[in-house]
There are 2 protein chains.
Amino acid sequence: MQQLRSYFSKLTKLTDKEWADYADCLVKESYPKKSFLLEEGGACDFIAFVEEGVFRFYHEVEGEEKITAFFFSGDFVTNYRSFLTGGPSEHYIQVLQDATIYKISKKDLHELYNKHRSIERLGRLIAENLYLMVAKRLDAFHSSSPEERYYELVNRNSKLLQEIPQYMIASYLGIKPETLSRIRARK
Amino acid sequence: MQQLRSYFSKLTKLTDKEWADYADCLVKESYPKKSFLLEEGGACDFIAFVEEGVFRFYHEVEGEEKITAFFFSGDFVTNYRSFLTGGPSEHYIQVLQDATIYKISKKDLHELYNKHRSIERLGRLIAENLYLMVAKRLDAFHSSSPEERYYELVNRNSKLLQEIPQYMIASYLGIKPETLSRIRARK
DNA sequence: ATCATTTATTGACTTTGGTCAACGAAAAGT
DNA sequence: ACTTTTCGTTGACCAAAGTCAATAAATGAT
């Protein structure tokens, strides 16, 4: 949980009182491998901080699983779209490695936004950071070939490569497992 | 400018005083067709609201222009990445139709964030909305074929189709002009 | 109105990724 | 340890998008 506070403090100053109020809203939960943190159709009424474990965020398109993101220790795990809009999730969040998370509910977070300016500022900064992440990924899809996206991933996130089976990486890159296998084979 | 206030009021309540302070920071500017609002290498230190006109947001990759977005009347126009990070822009923002905008500087906006809670809240809500837009677009690239993306665009944004030359739409969709022409030809 | 430039279409061919199937390796369950 | 799935690789073939080039249509400039 100290990990979370230090992440926050990189974004903005929080007083001990503000942090204490935030921490009071956090609920620790554990999930075994293969279980679901969120299923299609449910609204995502929380944001969680990953203490330990790995998750995948995916949806089904014509019987095929399309993986949009992986979440690791130190990341936020949520369906941010569903969280923001209140609409039902089209995505699943599934546990790939036994996980422990700290959840905060949408309701509690909004009360904190009203109670503490710094926490609302944190909300802004987190939204801005999530924007930057997804905008970068869109850029990669828009301007790079599958092969380029793969090597980009190799360079930036070799940890991901080791922990995630190859057919899931293929899905994340937007290609078929056979194609990824061939990209790797061509030297 | 009334258009901007009414947009804001859909997001959160602003008092007359808060709006007046915001409006005081807005600078009206006009740009002729083909001019640049932002060029590669410059930092984007503003967000602007489009009163009138059309813009394209693009970058050059191996001598080719890749268009990421178009901005119309009622949209915000900025390189949000560069605005947030302070880093140099990799993108150009060019005027496609003579434009009038209201600019607010990063410096003024941050002062307003400090001065008025509601304006900081607005900042959060705008970041959240921009996240939703780009996440949706990433999804389209991840899960849909060029043909599907094209018809999605036809349904959602036929205005864009009429105002933007086809080769720019192709770039926006991540395909070559010839390919878009063929997609349209196959009824 | 004419001419020049830009944009859109079409054809022939290439390249790249997808599909289907087979096979071996690795992992999981008993 | 053995069996059963699951996963990764490879081959043959297919489909879709890219490339290059020619031409037609639309747009802009004078």
Side-chain angles (χ1 to χ4, degrees), chain A residues 31-35 53-54 56 58 60-67 70 92 94-99 138 140-154 158 160-187, chain B residues 32-36 53-54 56 58 60-67 70 92 94-99 138 140-154 158 160-187:
Chain A
Y31 290 84
K33 198 167 169 167
K34 294 192 181 175
S35 65
V54 181
R56 67 173 177 145
Y58 71 97
E60 301 231 349
V61 180
E62 290 157 28
E64 215 184 333
E65 294 178 355
K66 303 275 184 177
I67 299 175
F70 300 101
Y92 297 84
Q94 188 182 30
V95 179
L96 296 181
Q97 301 294 342
D98 292 357
L138 172 59
F141 267 91
H142 195 244
S143 311
S144 306
S145 66
E147 179 159 357
E148 288 167 329
R149 289 201 295 279
Y150 174 67
Y151 286 110
E152 166 76 10
L153 189 66
V154 169
S158 59
L160 195 149
L161 277 279
Q162 289 145 23
E163 303 209 24
I164 306 288
Q166 205 164 296
Y167 74 99
M168 290 191 186
I169 292 173
S171 173
Y172 176 75
L173 293 171
I175 58 181
K176 301 288 152 186
E178 295 95 325
T179 300
L180 178 53
S181 182
R182 287 182 177 114
I183 285 172
R184 287 159 48 88
R186 54 193 193 229
K187 219 190 79 331
Chain B
K33 197 167 171 169
K34 295 192 181 173
S35 65
F36 289 89
V54 181
R56 67 173 178 146
Y58 72 97
E60 302 232 349
V61 180
E62 290 157 29
E64 215 184 332
E65 295 178 355
K66 303 275 185 178
I67 299 175
F70 299 100
Y92 299 84
Q94 189 183 29
V95 179
L96 297 181
Q97 303 292 342
D98 291 356
L138 173 58
F141 267 91
H142 196 241
S143 309
S144 304
S145 66
E147 179 160 357
E148 289 168 326
R149 288 201 296 280
Y150 174 68
Y151 285 110
E152 166 76 10
L153 189 65
V154 170
S158 59
L160 195 149
L161 277 279
Q162 288 144 24
E163 304 209 23
I164 306 287
Q166 205 164 297
Y167 75 97
M168 289 192 187
I169 293 173
S171 174
Y172 177 75
L173 292 171
I175 59 180
K176 300 289 153 187
E178 295 94 322
T179 301
L180 179 53
S181 182
R182 286 181 177 115
I183 286 172
R184 286 159 49 87
R186 58 196 192 223
K187 229 201 52 328

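Lettering follows sequence order; numbering is per chain, from 1.
- Rounding to the nearest 0.5 angstrom, the gap separating the CD atom in B:Glu163 from the CD atom in B:Gln97 is 6.5 Å.
- The CG atom of A:Leu161 sits 16 Å away from the C1' atom of D:dC7 (whole-angstrom rounding).
- Remark: P of C:dG17 and CG of A:Leu180 are 11 Å apart, rounded to the nearest angstrom.
- Remark: B:Pro165, B:Gln166, B:Tyr167 in residues 163-176 of chain B come within less than 4.0 Å of DNA chain C through at least one heavy atom.
- Comparing B:Ser145 and B:Lys34 by the nucleotide of DNA chain D that holds the closest heavy atom to each, the one mapping nearer the 5' end is B:Ser145.
- In this structure, CD1 of A:Ile183 is placed 9 Å from C1' of C:dG17, rounded to the nearest angstrom.
- If you check D:dA17, D:dC20, D:dG28 against the side chain of B:Glu178, the one that comes closest is D:dC20.
- Between B:Tyr172 and B:Leu153, the shortest heavy-atom distance links the atoms CE2-CD1, 4.0 Å.
- By the side chain to side chain contact (heavy atoms under 4.5 Å, CB included) test, A:Thr179 is found to be paired with A:Ile175, A:Lys176, A:Ile183, residues two or more places apart in sequence or in another chain being considered.
- Between the CG atom of B:Leu160 and the CZ atom of B:Phe70 there is a distance of 5.5 Å, given to the nearest 0.5 Å.
- In this structure, a donor-acceptor pair under 3.5 Å is present between the side chains of A:Arg184 and A:Tyr150.
- Of the side-chain N and O atoms in A:Arg184, one or more sit less than 4.0 angstrom from OP1 or OP2 of D:dT9.
- Listed by chain and residue number, A:Glu147, A:Glu148 satisfy the side chain to side chain contact (heavy atoms under 4.5 Å, CB included) test with A:Ser145 (two or more places apart in sequence, or in another chain).
- The closest donor-acceptor contact from the side chain of B:His142 to the backbone of A:Ser171 lies under 3.5 Å.
- Computed from coordinates, the B:Glu65 CD to C:dT6 P distance equals 13 Å when rounded to whole Å.
- Distances shorter than 4.0 Å separate some side-chain N or O of B:Thr179 from OP1 or OP2 on D:dG18.
- If you measure from atom OH of B:Tyr150 to atom P of C:dA8, you get 11 Å, rounded to the nearest angstrom.
- Within the 4.0 Å cut-off from OP1 or OP2 of D:dA17, not a single side-chain nitrogen or oxygen of B:Arg149 is found.
- For A:Arg182 against C:dT15, no side-chain N or O and base N or O form a donor-acceptor pair under 3.5 Å.
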